[in-house]
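Following: one structure in structure tokens, then a few remarks.
Values reported hereafter were calculated over all heavy atoms of this structure, with side chains retained and with hydrogens, waters and symmetry mates removed. For the single chain, residues carry numbers from 1 onward in sequence order.
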Amino acid sequence: MKSNLRNAPRFHRLLHSWARSNLREYPWRREQDRFWLLLSKMMLRRTRADQVVPIYEHVAKRYPTAEELATASAEELRALLYPLGLEWRADNIVSMVREVVERYNGEVPGTKDEMMSLPGVGDYVASAVACFAKGEPTPIIDTNVVRVLGRLFGLRLDGEARRRKEMRDAATMCLDQRQPRLYSYALLDFAALVCAASAPRCGECPFGQQGLCEYAQQKKHFP
Ligand code: SF4
């Protein structure tokens, strides 16, 4: 792994300092209930967060518990989720909600393995729910996080990057064990707002400004 950024506390200081004035507000971020976190994660899949907000709020108001949501017909839920696209997503959510109610009395199970036995729930979503609900220190590695870490550390960014050991090692090394929730929200927002896919804003980036990013050094974004 290249990069001058081998010091995790320094990484956390810079990221948290950026997050203090830039962290975004979403209704699910006020939530620590696994069911609502899981539902929001499934809604957010391949969809922009601002599109999800009104639909998430509408669903939460109309069906305030998992049991009530399970009474909605599949057609009703499909119609509610229609603006988000991806028809299979509505089917996965219907199956997940019913299973949570029938098998787990309306409570999403606490372990990642059990969560991953629910329809439509993979490793990424289960890790995110474990982290955001319970503050479990587990790295959340999605394509955005892969892009930021890959650029910072000069790791190969291709279709396999997410599965490579060096990427998982970087994600584990960077994780803030003391504040995993805040850290993970900060990293996701940093990826969306600063280290964007097509046009990273290296001039405003604390890592770039301090000469700590391999990508910025190589592209000569900084002296
Ligand atoms: S310097 Fe540029 S590429 Fe590096 S982390 Fe910051 S925004 Fe991303």
Side-chain angles (χ1 to χ4, degrees), residues 1-34 36-38 40-41 44-45 49 108 110-113 115-116 121-157 161-197 200-202 204-217:
M1 201 184 295
K2 300 179 214 163
S3 175
N4 302 320
L5 196 59
R6 292 172 181 276
N7 176 319
R10 189 175 186 193
F11 179 78
H12 301 151
R13 260 198 314 280
L14 291 171
L15 185 65
H16 290 318
S17 152
W18 176 86
R20 270 195 286 283
S21 12
N22 295 289
L23 211 60
R24 296 180 296 184
E25 264 286 319
Y26 292 115
W28 48 87
R29 289 193 177 183
R30 297 191 286 271
E31 202 46 80
Q32 293 198 343
D33 184 292
R34 285 193 292 275
W36 292 101
L37 284 165
L38 178 53
S40 68
K41 276 286 152 204
L44 285 161
R45 209 153 160 204
V108 168
T111 69
K112 265 180 68 180
D113 281 348
M115 271 190 253
M116 284 165 66
V121 180
D123 183 66
Y124 167 72
V125 168
S127 298
V129 172
C131 173
F132 296 139
K134 297 193 295 181
E136 196 173 293
T138 178
I140 299 170
I141 309 176
D142 72 354
T143 49
N144 299 312
V145 168
V146 163
R147 179 177 69 251
V148 175
L149 297 181
R151 286 173 174 171
L152 277 170
F153 294 104
L155 305 178
R156 194 150 37 113
L157 285 175
R162 190 169 168 170
R163 281 175 279 282
R164 229 171 257 127
K165 182 177 178 306
E166 59 179 9
M167 184 60 74
R168 303 201 76 84
D169 288 348
T172 304
M173 189 274 280
C174 289
L175 178 69
D176 185 342
Q177 303 274 340
R178 290 170 307 128
Q179 307 180 79
R181 266 171 71 95
L182 177 61
Y183 165 85
S184 298
Y185 281 138
L187 193 55
L188 292 173
D189 286 356
F190 179 80
L193 299 175
V194 182
C195 197
R201 298 161 72 178
C202 303
E204 300 163 30
C205 171
F207 303 107
Q209 286 168 349
Q210 300 209 13
L212 298 172
C213 174
E214 277 299 319
Y215 175 92
Q217 293 292 308

Legend entry - Rounded distance (nearest 0.5 Å) linking atom CZ of Arg178 with atom OH of Tyr183: 13.0 Å
Inset, instruction - Quick one: pull up NZ in Lys165 and OG1 in Thr172 and give me the separation to the nearest 0.5 Å. - result: 9.0 Å
Legend entry - Closest non-hydrogen atom pair between Gly150 and Leu157, with its separation: CA-CD2, 3.9 Å
Legend entry - Distance, nearest 0.5 Å, that separates CD1 of Ile141 from CZ of Arg168: 4.0 Å
Legend entry - Listed partners of Arg29 passing side-chain contact (heavy atoms from CB on, under 4.5 Å), at least two apart: Leu23, Arg24, Tyr26, Tyr185, Asp189
Legend entry - Inter-residue atom distance Arg164.CZ - Asp169.CG, 0.5 Å rounding: 12.5 Å
Inset, instruction - Determine yes or no for a side-chain-to-main-chain donor-acceptor pair under 3.5 angstrom, with Gln210 supplying the side chain and Leu212 the backbone. - result: no
Legend entry - Donor-acceptor contact below 3.5 Å, side chain His12 vs main chain Cys174: yes
Inset, instruction - Could you note down all residue pairs passing salt bridge (Lys or Arg N to Asp or Glu O under 4.0 Å) where residues 135-152 supplies at least one of them, sequence neighbours left out? - result: Lys134-Glu136
Inset, instruction - Verify side chain to side chain contact (heavy atoms under 4.5 Å, CB included) between Lys112 and Asp123, making sure each step is shown before the conclusion. - result: CA-CA 8 Å; Lys112 265 180 68 180; Asp123 183 66; 3.2 Å; yes
Legend entry - Least distance between heavy atoms, Cys131 atom then Thr138 atom: CB-CG2, 4.1 Å
Legend entry - Pairwise distance CG(Leu44) to CH2(Trp28) - rounded to 0.5 angstrom: 4.5 Å
Legend entry - Phe190 and Cys205: CA distance, side-chain angles, deciding distance, side chain to side chain contact (heavy atoms under 4.5 Å, CB included) verdict: CA-CA 9 Å; Phe190 179 80; Cys205 171; 3.5 Å; yes
Legend entry - Heavy-atom pair with the smallest gap, counting every atom of Gly135 and Pro180: O-CG, 3.1 Å
Inset, instruction - Find the distance between CG (Leu152) and CD (Gln217) and round it off to the nearest 0.5 Å. - result: 11.0 Å
Inset, instruction - Look only at the side chain of Arg34 and the backbone of Ala133, and say whether a donor-acceptor pair between them is shorter than 3.5 Å. - result: no
Inset, instruction - Considering non-hydrogen atoms only, spot the tightest contact between Val148 and Leu187 and give its length. - result: CG1-CD1, 4.1 Å
Inset, instruction - For residues Glu25 and Arg30, determine if any side-chain heavy atom of one lies less than 4.5 Å from a side-chain heavy atom of the other. - result: yes
Inset, instruction - For Pro139 and Leu175, work out which heavy atoms get closest and say how close. - result: N-CD2, 3.9 Å
Inset, instruction - Show the numbers, then the answer: is there a side chain to side chain contact (heavy atoms under 4.5 Å, CB included) between Lys41 and Tyr124? - result: CA-CA 9 Å; Lys41 276 286 152 204; Tyr124 167 72; 3.6 Å; yes
Legend entry - Min side-chain heavy-atom separation Val145-Ile140 under 4.5 Å: no
Inset, instruction - Go through the steps for Val194 and Trp18 under the test side chain to side chain contact (heavy atoms under 4.5 Å, CB included), then give the verdict. - result: CA-CA 10 Å; Val194 182; Trp18 176 86; 3.5 Å; yes
Legend entry - Least distance between heavy atoms, Ala130 atom then Met115 atom: N-CE, 4.1 Å
